[in-house]
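Just below is one structure, and these are the notes that go with it.
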Amino acid sequence: MKKTLIFFIIIFLFLTLFSQSKYKKVCPKEELITITRDVSIPEALKTLEIMSQQFESRKIINMSSLTTHIGIPIKQLYWKDALYLIIEFNGLILEELPGIYLITDVVIEEIIEEEIIAEEEIISPDTKQIRISSIFFVVDKAVLNSIGINWSTFYNGEVVAAVNFSGGSQVMSDIFNVAATTTLESGEITIDINTLFRVIEANQKGTVIARPNIVVISGRKGYIQVGKDFSVKTRDEAGNITDKFFTTGAILEVTPTIVEDSLKEAIHLVTRVERSSAVPGEISTIITKSQSTTEVLLFDGEETVIAGLYSTEDTKVRTGIPILKDLPWWFFGLRYLFGYNKHDKAEKEMIIIIKAEILKPIEQRIEENLSTKEKIQEMRKSKTYIDTLFNEKKKDKK
């Protein structure tokens, strides 16, 4: 037994000495490196880059954001093995590309996908939902100034207006006074916001451009775009032509979260609204944008307003004597005698009304749906019963 044990020890020592002598032949001393554990990752990679360029003519490009210590001692180790060891120990990614070693952090998309999967697992039939209703309304700024709208008074679908028209706008003033729900001591009136929009639209002073409605799970993001995407051709680093897309129009992005305690619940609403348009130019494309971001706390069914998003519209109009003003320029120049070009600049304001409502739990909705079906069935049964009695009476009469 002792002889067998001594035999295995001799073989182990022989193999160890053989592997060390072979390692020394494969890895010359100048390719071995020693780095202490308290050296930072960028410094260690710079040292290894010198050896990489010397022995493999490769650069080490460090795209990682880590600046901590390497955390592991390296003593007389082959420089490439040391590089692999640092990368693996600190959870980095190494790509061997032609002429370079590229070092990056862990791929962010993988982390995001894991977070999304984790969030999706939390969703259950008891998860609450919020309905977001909105109105995008564009109106002439001069009209709102003449009406005297005070958006800070907006509450429960009504707003205070100091109607003070004169001349040809008296008709609008009369309509507003008739539609007023309350007349204040100061002479101002309280008017329903939908009535306000209808009156302005009827007089062609504004228009509703969108009425988007979405249902969003509490804590999730909802997105609505009423407009169009356009692309701009650019060149990448390799000289290839690519299309870069931009979104324009009326854009609404909301993230509602239900905040509740033992007695009440409210809606924390994070909102981003945007109105944008693209104007192609000879050299570049100009994007005109009005944008607002806000956070509000609403109770169930409450509305909030976002105003003050201005834009200027420049329109060119040809006015003058009909037919003669539109003659071609070569026809004795009569178009210049009987007509002229008029530039109109109108400053527009976009008003966004946002309403948040907490939907009923899914169990309650199922019960209400079932009860509705039962009512319909009972009505059908009762109708069939009445028809049967009516037919029987007709037979008896005969």
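Here the structure is a predicted model, which is why all the values come from computation and not from measurement.
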With the side chain counted from C-beta on, respond yes when Ile217 and Gln129 share a heavy-atom pair under 4.5 Å apart, and no when they do not. yes
Derivation and outcome, side chain to side chain donor-acceptor pair (under 3.5 Å), residues Ser65 and Asp105: CA-CA 7 Å; Ser65 59; Asp105 293 325; 2.8 Å; yes
Using distance alone, with no hydrogens and no angle criterion, decide if Tyr101 and Glu49 have a side-chain donor and acceptor under 3.5 Å apart. no
I'd like to know if Glu253 and Lys221 make a salt bridge, using a cut-off of under 4.0 Å between side-chain N and carboxylate O. yes
Any Lys/Arg nitrogen of Glu31 or Lys80 sitting under 4.0 Å from an Asp/Glu carboxylate oxygen of the other? no
So, do Val254 and Leu269 sit near enough that their side-chain heavy atoms are less than 4.5 Å apart? yes
Nearest heavy-atom approach of Asp192 to Asn194 is OD2-N, 3.1 Å
Would you indicate whether the side-chain heavy atoms of Lys128 and Glu265 approach each other to under 4.5 Å? yes
Where Phe299 and Ile267 come nearest, the two heavy atoms and their spacing: O-CD1, 4.5 Å
Which pair of non-hydrogen atoms, one from Ile214 and one from Tyr223, has the smallest distance, and what is that distance? CD1-N, 4.2 Å
Do Tyr84 and Leu77 share a hydrophobic cluster, counting only Ile, Leu, Val, Met, Phe, Trp and Tyr and linking them when any side-chain heavy atoms are less than 4.5 Å apart? yes
Hydrophobic cluster membership, with links at side-chain heavy-atom distances under 4.5 Å among I/L/V/M/F/W/Y: are Leu94 and Leu102 in one? no
How about Arg272 and Thr294: do any of their side-chain heavy atoms sit closer than 4.5 Å? no
What about Val305 and Leu196, same hydrophobic cluster or not, with Ile/Leu/Val/Met/Phe/Trp/Tyr joined at side-chain heavy-atom distances under 4.5 Å? yes
Between Ile100 and Met63, is there shared hydrophobic-cluster membership here, with clusters defined by ILVMFWY side-chain heavy atoms closer than 4.5 Å? yes
Is His268 close to Glu295 at the side-chain level, that is, under 4.5 Å between some pair of heavy atoms? yes
Is there a side-chain contact (heavy atoms from CB on, under 4.5 Å) between Val208 and Phe136 once you walk through the steps? CA-CA 6 Å; Val208 175; Phe136 286 69; 6.0 Å; no
Less than 4.5 Å apart, side chain to side chain, heavy atoms only: is that true for Glu349 and Ile351? yes
Phe55 reachable from Ile60 in the ILVMFWY side-chain graph, under 4.5 Å edges: yes
Without hydrogens or angle criteria, can the side chains of Thr34 and Gln76 be said to hold a donor-acceptor pair below 3.5 Å? yes
